[in-house]
Amino acid sequence: MWLTEIPAPDFDLAMTLDSGQVFHWETAGKGFVGAIGDCPVYVEKDRNILRAFGSVLKLDRLKRPSLRKIVSQYFALDHSLAEICASLPRDPVMNAAKHFCRGLRIIRQPKWECLATFICSSMKQIAHIRQISRKLRERFGQARKINPPSPRLRCGEAITVFTFPSAERIAASSEKALHRCALGYRAKNLLATSRLIANRDLDLEQLARMADVDLHAKLCALPGVGAKVANCVMLFAYERLRAFPIDVWIERVLREQYFPGKRKLNVGRLRAFTEEYFGDHGGYAQQYLFHHARMSMGRSKSKVSGRRGAESLSRSRA
DNA sequence: GCCCAGGCCATTT
DNA sequence: AAATGGCATGGG
């Protein structure tokens, strides 16, 4: 077990973990517990310090990076948010999201874990995706314990966390077993894709060398992976910061904020716009717009009446 | 019961 | 090429 403290002044841990890019971190004490790959970790933000406590596997410890390296890499503390934000468009919608999401980082997730959870994400609310992720971990992953050494770490008692199951482990399960994790029709896709990996027909690490377009096409060829999921995996696991996933939230933001009242707008037109407008860090723009929109929706009570509500509000003020 | 959800896919126009 | 409907499940 190791303890490390990392200066991270422009990093919002809680917002990053609650922004719908990763689904397994759970609050514990004043921080969060989860797994970074095979490493069980407790993390907390204490003023400008990111404090992490956890263990690295004993096998091949010599080749193993330090906990500090693992945490810094995972949370992308090397990303210069100042430069990234400066490169984003400066329209009112983007500015508001940018301001609201200060400190939110696009993290670097393990590739299979990211691919698998986003295969499970289709037509699911984030709370459901979290449930699915937890069930997969509890049922097929490995239990690892975190034993806090001192009350300095405000995480309380010993905690068990579960690693995400390998593709081989999922492939060795069954569609019925996956169904019991509330996967629904997604079970078949997850199983099929896991078997491509277990059978050596697909090596996710090898794909990292491919150009964006080719990587996107390769991912889209996998069962249960379409344009949206492929872009999520590119953004959250392959560090392709241009990737701009368009889900129902983002599509709503684009239609209402960037093309208000425009009728003939298919997904292809929206895609053409986002790729040229948001630029090299479009993925950050997308995540900020997504999180801001999702957090703002709670205020208007009813989701369906949200649009009408906003409209009538602006009219009544006029 | 209704609505919707970080969509994908086969089928039809 | 673009629109449409089915798909499993759970929360509000």
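Below, chain A is the first sequence line, B the second, and so on; all start at residue 1.
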**Prompt:** Contact class for G20(A) (heavy atom, under 4.0 Å): base, sugar-phosphate, or nothing?
**Reply:** base

**Request:** Give the ring-plane orientation class for Y277(A) versus F273(A), where under 30° counts as parallel, over 60° as perpendicular and anything between as tilted.
**Result:** parallel

**Message:** Once you apply a heavy-atom cut-off of 4.0 Å, does L222(A) come out as touching a base, just sugar-phosphate, or nothing?
**Reply:** sugar-phosphate

**Message:** Could you tell me how far apart L289(A) (CG) and dG6(B) (C1') are, to the nearest whole angstrom?
**Reply:** 14 Å

**Request:** Please state how far atom CD in Q109(A) lies from atom P in dG6(B), giving the value in whole angstrom units.
**Result:** 16 Å

**Request:** Ignoring backbone atoms, establish whether R252(A) has a side-chain N or O less than 4.0 Å from OP1 or OP2 of dG6(B).
**Result:** no

**Message:** Need to verify one output field. Residue with the more 5' nearest nucleotide on DNA chain B, I246(A) or P223(A)?
**Reply:** I246(A)

**Prompt:** Closest approach of G20(A) and F118(A), non-hydrogen atoms and distance?
**Reply:** O-CZ, 4.0 Å

**Asked** On a whole-Å scale, what distance lies between the P atoms belonging to dC8(B) and dG11(C)?
**Response** 23 Å

**Message:** Looking only at side-chain N and O atoms, does Q21(A) offer a donor or acceptor that is under 3.5 Å from a partner on H291(A)?
**Reply:** no

**Message:** I'd like to know whether the aromatic ring centres of Y258(A) and F278(A) sit less than 6.0 Å apart in this structure.
**Reply:** yes

**Prompt:** Quick one: do I146(A) and F162(A) end up in the same hydrophobic cluster if we chain Ile, Leu, Val, Met, Phe, Trp and Tyr together by side-chain heavy atoms under 4.5 Å apart?
**Reply:** no

**Fill in**
Judged by nearest nucleotide, the residue sitting upstream toward the 5' end of DNA chain B, C220(A) or C232(A), is C232(A)

**Request:** Between dG10(C) and dC9(B), how far apart are the C1' atoms? Round to whole Å, please.
**Result:** 23 Å

**Request:** Find out if a path of hydrophobic residues (ILVMFWY) with successive side-chain heavy-atom gaps under 4.5 Å connects L270(A) to V248(A).
**Result:** yes

**Fill in**
Looking only at heavy atoms, the pair that brings S174(A) and L191(A) closest together is C-CD2, 4.2 Å

**Message:** Among dG11(C), dG7(B), dG6(B), which nucleotide has an atom closest to any side-chain atom of Q131(A)?
**Reply:** dG11(C)

**Item:** Stem list, DNA chain C (Watson-Crick or G-U pairing under 3.5 Å, at least 3 consecutive pairs)
**Value:** B:2-5 with C:9-12, B:7-13 with C:1-7

**Item:** Integer-rounded Å distance: dT9(C) P and L178(A) CG
**Value:** 13 Å

**Request:** Whole angstrom is fine here: how far is it from CZ in F118(A) over to P in dA5(B)?
**Result:** 16 Å

**Prompt:** Using a cut-off of 4.0 Å on non-hydrogen atoms, how would the nucleic acid contact of A227(A) be classed: base, sugar-phosphate, or nothing?
**Reply:** sugar-phosphate

**Item:** d(CD1, I126(A); C1', dG12(C)) in whole Å
**Value:** 15 Å

**Message:** Ring-plane angle category for Y74(A) and W25(A), please: parallel below 30°, perpendicular beyond 60°, tilted otherwise.
**Reply:** tilted

**Asked** Within the modelled atom types, does a donor on one side and an acceptor on the other bring the side chain of Q287(A) and the base of dG6(B) under 3.5 Å apart?
**Response** yes

**Fill in**
When rounded to whole Å, the CG to P distance for the pair N231(A) and dG7(B) reads 13 Å

**Prompt:** Is there aromatic stacking of F290(A) against dG6(B), centre distance under 5.5 Å, plane angle under 30°?
**Reply:** yes

**Message:** In whole Å, measure the gap between the P atoms of dG6(B) and dA2(C) for me.
**Reply:** 27 Å

**Item:** B/S/- contact track for nucleotides 1-8 of chain C, protein heavy atom under 4.0 Å
**Value:** -SS---BB

**Message:** Tell me the interatomic distance from K188(A), atom NZ, to dA10(B), atom C1', rounded to whole angstroms.
**Reply:** 13 Å

**Message:** At 4.0 Å (heavy atoms only), tell me whether T117(A) reaches a base, stays on the sugar-phosphate, or touches nothing.
**Reply:** nothing

**Request:** Give a yes or no on whether the backbone of I129(A) and the side-chain of S133(A) come within a donor-acceptor separation of less than 3.5 Å.
**Result:** no

**Item:** Check ion pair R105(A)-D10(A) (N to O, under 4.0 angstrom)
**Value:** yes

**Nucleotide dG12(C), atom C1' - distance to CE of M297(A) in whole Å** = 14 Å

**Request:** Give a yes or no answer on whether the side chain of T4(A) reaches the backbone of A52(A) with a donor-acceptor pair at less than 3.5 Å.
**Result:** no

